[in-house]
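Only one structure is covered here, and it is reproduced in the block below.
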Amino acid sequence: MVTVFRYTMKRFRGQIIGWGIGLFLLGLLLVSLFDEFAGQTEALNELLAVYPEEFTAFFGDFTNLGTPEGWLGIEFFSYMPLVLGIFPILAGTGLLVSDEESGRLDLILGHPVTRSALLFGRLFAFIASSILICLIAWVGLVVPMFWSTMDADIGELLLPFVSLEAEVILFGAIAILLSLSLPSRRVAAMTAGIILVASFFITGFAQITDVLEGAAQFSPLTYYQSTDAMQGLNFNWLAGLLGVAIIFILFSWWLFQRREIRVGGEGGWNLTNLLPRRHEAEVNERP
Amino acid sequence: MDDSIAIHIKGLIKSYGHVQALRGVDLEVKQGEIFGFLGPNGAGKTTTIRCMLDLIRPQGGTLRVLGYDPQVDHVAIRVRSGYIPGELQLDENMTGQGALTYFDSLRGGIVDWGYVNGLAERLKVDLKRPIRNLSHGNKQKIGVIQGLMHRPELLLLDEPTLGLDPLMQQEVLRLLREARADGATVFFSSHIINEVESLAERVAIIRQGIVAEIVEVVALQERALRRVQIRFSIPVDYQPILQLPEVKLLGKDDQTGLLLQVIGEMDQLIKTLANYPVADLETQRPSLEEIFLAYYKNDQEEI
């Protein structure tokens, strides 16, 4: 499993650097801009007063834009699950199935590695990579504080990333499960993407209409804390997100153990399996 | 199970949806032999090999590889075997060396790199180059090296010389003979008849998911037809020759030339020809291709 982990980390190297630099620079920019906006809170509040309620439902309370929590919550953490959610979807759906579709899994599993070691070695590498990306993003927020007037507690600033990481792990688990259940990586990534976007909208709209309250209970992003986490993590939510992720991962493991490894290419829906099997009789009749 | 048996397959059944890939494959491969698995595309060769490594699971039958059940002890089988897939795909972002290091790591770092470099030298492949820059043939050479590099006691090879030029094909066949000489069992599938003919001791012919026959390569060739072309120095009466039970006339050229088909041994024909003024005699042994096509032709007729 250590070898699988090490080599998967190498494969994630580019993504860690890409996502890390992107989020680092975004944090750097946003914290640097804080001083400019914090001095114009009154003018901003007048402007934001005309914003529709639906807008604030998605991005948080705009009246706190002058505080570090409010600024980072609206400008960074509010949409981060949607942005960083792309990473677990691509990584999760590709964790095993991209190798299978390219025909490489056949050869890898021809070597003495168990399916469990392959799945968990790669899964842990994915989790470690996402933690590294979050840490780099956190550094991107912390570094500009040396020249900005923003005086957020850098330890507390880690807490929204903990909540974000739980969402990333959950969407990674959803992506892996879908990739092992649906015919192809493309279909799995598309489905996981729809779930992510739907979750974002359901959670947002549920704050302005009671109709979606029930659906929001099943929306993963309902349990994302953003900068609220700086006042204290909701461990029940965190445990819930990780608990569901573990269930999905265990189910994925079960599916992978039973999987027929393809030589390459995408799979099918196997709808023909629902039809009567004409060949059974022929097999039984063989002497 | 007998320890001298490397692979034991009995009644192996495998379907993909409604397509029956294996319809009851039976075969046994002895330890230390080179066993050819011959059949047309879609006959079930790859499916059989992939069942042996637990990459896919059969719906019925018994399968033992080195005494292990692949569905229970697949890691034990993979530790002691080397596999070259029929459709080899490698990580294009790695170098040949990187890919081999990765596979070696999966085996616990047991490989003798002096041996690996020797294999690369013999196969004329540069391990330092990125795989994406290698030709199909050179990628196949990397595949051959990864299959042999840990000196496995069982080689499961699915069309191992696919995409190699004739010289390299010969080199790979030499490597396989050397592996056999070191005690390895070689099980390889192929649709290249000459390859099977020159390498294997026994061959299983598979068609439509069933092993039609397992025979010694020599016996298979000898049992088959021969073409005999005879040229006489003067015109002769060849009727006594045509009356031999194992002889059939295929063609004639006046009274000085005959093209015959001979079934079985040549003894009677040669003794009879001793009474004739023979200027030239040429026999053509059928290639396995002809034999194979004969099986396949029968298949087509059945369909």
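Values reported hereafter were calculated over all heavy atoms of this structure, with side chains retained and with hydrogens, waters and symmetry mates removed. Chain letters run A, B, ... following the sequence lines, proteins first, then strands; residues in each count from 1.
Here B:Gln89 contributes atom CD and A:Asp106 contributes atom CG; the two are 10.0 Å apart, rounded to the nearest 0.5 Å. Note that CG of A:Leu107 and CG of B:Leu90 are 6.0 Å apart. Values are rounded to the nearest 0.5 Å. Atom CZ of B:Phe103 is separated from atom OG1 of A:Thr3 by 12.5 Å, given to the nearest 0.5 angstrom. Expressed to the nearest 0.5 Å, how far CZ of B:Arg57 lies from CZ of A:Arg259 amounts to 11.5 Å. Atoms CZ and CG, from A:Arg104 and B:Leu88 in turn, are 11.5 Å apart once rounded to the nearest 0.5 Å.
Residue B:Thr47: no heavy atom, backbone or side chain, is found under 4.5 Å from chain A. Neither the backbone nor the side chain of B:Asn93 comes within contact range of chain A; no heavy atoms are under 4.5 Å apart.
When the candidates B:Ile77, B:Leu156, B:Val79, B:Thr46 are compared by the number of heavy-atom contacts under 4.5 Å with chain A, B:Val79 comes out ahead.
Nearest heavy atoms, B:Tyr83 versus A:Gly110: CD2-CA, 3.9 Å.
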Open item on the list: Apply side-chain contact (heavy atoms from CB on, under 4.5 Å) to residues A:Ser102 and B:Glu92 and explain how you reach the verdict.
Closed with: CA-CA 11 Å; A:Ser102 68; B:Glu92 302 269 314; over 6 Å; no

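Between A:Lys10 and B:Tyr102 there is no side-chain heavy-atom pair separated by less than 4.5 Å. A 4.5 Å side-chain heavy-atom check between A:Ile261 and B:Asp54 finds every atom pair outside the cut-off.
A salt bridge between B:Arg50 and A:Glu260 is absent, with no side-chain N of the basic residue lying under 4.0 Å from a carboxylate O of the acidic one.
Residue-level contacts of residues 111-128 of chain A with chain B, in order of numbering, are A:His111, A:Pro112, A:Val113, A:Thr114, A:Arg115, A:Arg122; threshold 4.5 Å between heavy atoms.
Within a 6.0 Å sphere centred on CZ of A:Arg13, other residues, nucleotides and ligands contribute 12 heavy atoms or fewer. Residue-environment remark: CZ (A:Phe251) stays at or below the threshold of 12 foreign heavy atoms within 6.0 Å.
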